[in-house]
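Everything below concerns the one structure shown next.
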Amino acid sequence: MRDHIQFYLGDQHYRLSDVAPETTVLDWLRETRHLTGTKEGCNEGDCGACTVLVVRLENNQLVWKAVNACIQFLWMLDGAQLFTVENLRSPDGSLHPVQQAMVDLHGSQCGFCTPGFVMSMVAYSKKAGATAKDADINDALAGNLCRCTGYAPIVKAMKQALQHTQDNFEREQDQIRTRLTALQNAEMAEIRTHAGTVTLPRTSDQLAASYKAAPDATLVAGATDVGLWVTKRLQSLPHVISVSGVHDLRKIDHRPEGLWIGAGIPYTEAQQDIAALFPDAGEVIRRIGSTQVRNAGTVCGNIGNGSPIGDGPPLFIAAGAILHLRHGETRRTLPLEKYFLAYGQQDRKEGEFIEGILIPYPAPALQYRAYKVSKRFDQDISAILGAFALTVTQAGLIADARIAFGGMAAIPKRASATEAALVGKMWDERALSAARDAIQTDFAPLSDMRGSEWYRRTVAANLLTRYFAETSGMTQQPETRLAGWKETAHG
Ligand SMILES: Cc1cc2nc3c(=O)[nH]c(=O)nc-3n(C[C@H](O)[C@H](O)[C@H](O)COP(=O)(O)OP(=O)(O)OC[C@H]3O[C@@H](n4cnc5c(N)ncnc54)[C@H](O)[C@@H]3O)c2cc1C
Ligand code: FES
Ligand code: FES
């Protein structure tokens, strides 16, 4: 068993055996390494000032990701190479093409956001298939906030930088690959310090044994929720067990019975496959947090946290997903909706963890739609999310209905009265009217800062109307989608 982690910061190798569970990458960079180019703004994953670049070797490919250093724990760097804004300048002193473009096109004023922006821009320039389309660039930079320059010069700078194909990282690819290959280690690690224990299993058998033996430990996948427990609630984590380093949980597979998403798969790696089956679910995922959040946050962590406003659960409940759980050597499955029992309470035993979810392939007659309603379009938590999946026969009869909502109850929940009001009916205005009435009996939503009870009830019913407009074959279908949606979600 290893008692240390290993990673590179730039070209410097680190082997650390004194790593506290809660030390964030940002605090380590700024307070221990005195590398203050990476800024601290919100300390909760929202502003992108702390964006850094992490490269890993996955399936023999270099995978570059922008992440928020404020909500990544230092031990999560095991096996990776980290680059900060200090690593961008070439040995001859010239700026990185992204930095040069920011200078040329006046992309920076006070400069506080700039290191984070340039790191997101470098990450985007490394993305396979990166385009100079506004919608794609906006998406890549939606997790970086600027208060003074405004975004137009920054987007222009991104376009200019995309014209340069070579940067230092490109030239040093072989070296990076050699370093990362040397860091690959199949051995599990456990680091015990006075500050707590960090367990880094490599296989799901090791994870199962570790968590069964220490059920009070905190499971951490991408840390986009758990990170905030530390930075905002100042909670300590005496023992963490990592999910994301478990190789056999980092799998996304097309199985005969559906799409399998392992517990270590972040949103960015699942989005395309999910979108291919359920385009609307893919579009909602595009709006979960930001690129940095989706690069780290996992599909299953979103289920694990049991939040009533998590975007994933209603999407997958409507799609009929099955949750796979494991405790020691015992495995069980349950329909996803049955996992959520009450606020903060899930059907999960001590020491049991999610191995993954299986999303069945949609039948041809399934009409799946999902709508996220939030105050901002990007980088915002939902006030309400409605996901609708009716199976409508050629004759227009509703053969089956699965409708799930987030933000309408203490848990993500199916609208069973609405479903019952629809099944067996023709999909027409009468059925819609019955469904709009029934949905008022399904939920007793709360009023909070994201929306009042009245607002939630009204929006839920109106989403049914929107779904009807899109799926019932109305001859004059009103425009129901924001401009830009088609361009980004459907090519
Ligand atoms: C700026 C920002 C914006 C966000 N925007 C959105 C948004 O728009 N929509 C949205 O839904 N969410 C949003 N989130 C929340 C978060 O990103 C998601 O919930 C994410 O999917 C959590 O995944 P993770 O891997 O980071 O989980 P972690 O933080 O690692 O863990 C979350 C919880 O799940 C548990 N857990 C993790 N893995 C397992 C497992 N295998 N088995 C059992 N339990 C497990 C953990 O113990 C913890 O309780 C946002 C977060 C931030 C910081
Ligand atoms: S400091 Fe704002 S995202 Fe990290
Ligand atoms: S340049 Fe001042 S916040 Fe962006």
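Atoms within a ligand are numbered from 1 in the order they appear, just like the ligands themselves. One-based numbering along the sequence shown.
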* To do: Select the closest option to atom 1 (S) of ligand 2 among Gly227, Gly116, Gly41, judged by heavy-atom distance.
  => Gly41
* **Numbered atoms and elements of ligand 1 in range of Glu44, under 4.0 angstrom, heavy atoms** => 1 (C), 53 (C)
* Donor-acceptor pair, Gln292 side chain versus Gly48 backbone, under 3.5 Å? -> no
* **Part of Asp46 within contact of ligand 2 (heavy atoms, under 4.0 Å)** => backbone
* Structure fact -> Quick look: Tyr211 vs ligand 1, heavy-atom contacts under 4.0 Å, and the answer is neither
* Asked: So which protein heavy atom does atom 13 (C) of ligand 1 come closest to, and at what separation?
  -> Ile381 CD1, 3.8 Å
* For ligand 1, note which part of Asp225 has a heavy atom under 4.0 Å away: side chain, backbone, both or neither. => both
* Output the list of atoms in ligand 2 that are nearer than 4.0 Å to some heavy atom of Asn68, sorted by atom number. => 3 (S)
* Asked: Are Arg348 and Tyr339 in a cation-pi setup, meaning NZ or CZ lies under 6.0 angstrom from the ring centre and within 45 degrees of the ring axis?
  -> no
* Structure fact -> atom 41 (N) of ligand 1 has as its nearest protein heavy atom Ile354 O, 3.0 Å
* Asked: Atoms of ligand 1 less than 4.0 Å from Ile71 heavy atoms?
  -> 53 (C)
* Gly45: numbered ligand 2 atoms lying under 4.0 Å from its heavy atoms -> 3 (S)
* When the ring planes of His96 and Phe169 are compared, do they come out parallel, tilted or perpendicular, using 30° and 60° as the limits? -> tilted
* What part of Asn43 sits under 4.0 Å from ligand 2 if we count only heavy atoms: the side chain, the backbone, both or neither? -> backbone
* Should we say atom NZ of Lys232 is surrounded by more than 12 heavy atoms from elsewhere, each under 6.0 Å from it? -> yes
* To do: Tell me, please: is Gly310 in heavy-atom contact with ligand 1, that is, under 4.0 Å?
  => yes
* Asked: Of all the non-hydrogen atoms in the protein, which one sits nearest to atom 3 (S) of ligand 2, and at what distance?
  -> Gly48 N, 3.2 Å
* **Min heavy-atom dist Glu352 to ligand 1 below 4.0 Å** => no
* Proximity of Phe117 and Phe112 rings by center, below 6.0 Å -> no
* **Backbone or side-chain N/O/S of Cys113 under 2.8 Å of atom 2 (Fe) of ligand 3** => no
* Is it true that the side chains of Asp248 and Ser204 contain a donor and an acceptor less than 3.5 Å apart? -> yes
* Asked: Out of Val226, Ile241, Leu315, whose heavy atom is nearest to atom 48 (C) of ligand 1?
  -> Val226
* Against heavy atoms of Cys42, which atoms of ligand 2 measure under 4.0 Å? -> 1 (S), 2 (Fe), 3 (S)
* To do: Give, rounded to 10 degrees, the angle between SG (Cys148) and SG (Cys110) as seen from atom 2 (Fe) of ligand 3.
  => 110°
* Structure fact -> At under 4.0 Å between heavy atoms, what of Asp380 touches ligand 1? The answer is backbone
* **Minimum non-hydrogen distance to atom 5 (N) of ligand 1, winning option of Gly45, Ala223, Gly289** => Gly289
* Proximity flag Arg348 to ligand 1, non-hydrogen atoms under 4.0 Å -> yes
* Asked: Can you tell which of Gly301, Gly304, Gly356 gets a heavy atom nearest to atom 37 (C) of ligand 1?
  -> Gly301
* Please lay out, stage by stage, how Glu453 and Ser447 fare under the test side chain to side chain donor-acceptor pair (under 3.5 Å). => CA-CA 5 Å; Glu453 178 188 353; Ser447 292; 5.2 Å; no
* Calculate the angle formed at atom 4 (Fe) of ligand 2 by SG in Cys50 and SG in Cys70; 10° precision is enough. => 100°
* So, are Lys159 and Asp134 salt-bridged, with charged N and O less than 4.0 Å apart? -> yes
* Atoms of ligand 1, numbered as shown, that sit under 4.0 Å from any heavy atom of Phe353 -> 42 (N)
* For atom 12 (N) of ligand 1, grab the closest protein heavy atom and report residue, atom and distance to one decimal in Å. => Asn302 ND2, 3.7 Å
* Would you check, one step at a time, whether the test side chain to side chain donor-acceptor pair (under 3.5 Å) holds for Gln6 with Asn185? => CA-CA 9 Å; Gln6 293 195 74; Asn185 197 327; over 6 Å; no
* Asked: Got an N/O contact under 3.5 Å between Gly227 and ligand 1?
  -> no
* Structure fact -> re atom 21 (O) of ligand 1, the protein heavy-atom contact at minimum distance is Thr298 O, 2.8 Å
* Asked: Among Arg294, Lys251, Lys65, which residue meets the salt bridge (Lys or Arg N to Asp or Glu O under 4.0 Å) test with Glu269?
  -> Lys65
* From the candidates Leu219, Ile309, Asp311, the one that places a heavy atom nearest atom 45 (C) of ligand 1 -> Leu219
* Structure fact -> Note: ligand 1 atoms sitting under 4.0 Å from heavy atoms of Thr224 are 16 (C), 17 (O), 18 (C), 20 (C), 22 (C), 23 (O), 24 (P), 26 (O), 29 (O), 51 (C), 53 (C)
* Asked: So which of Ile285, Val293, Val299 gets nearest to atom 52 (C) of ligand 1, if we judge by its closest heavy atom?
  -> Val293
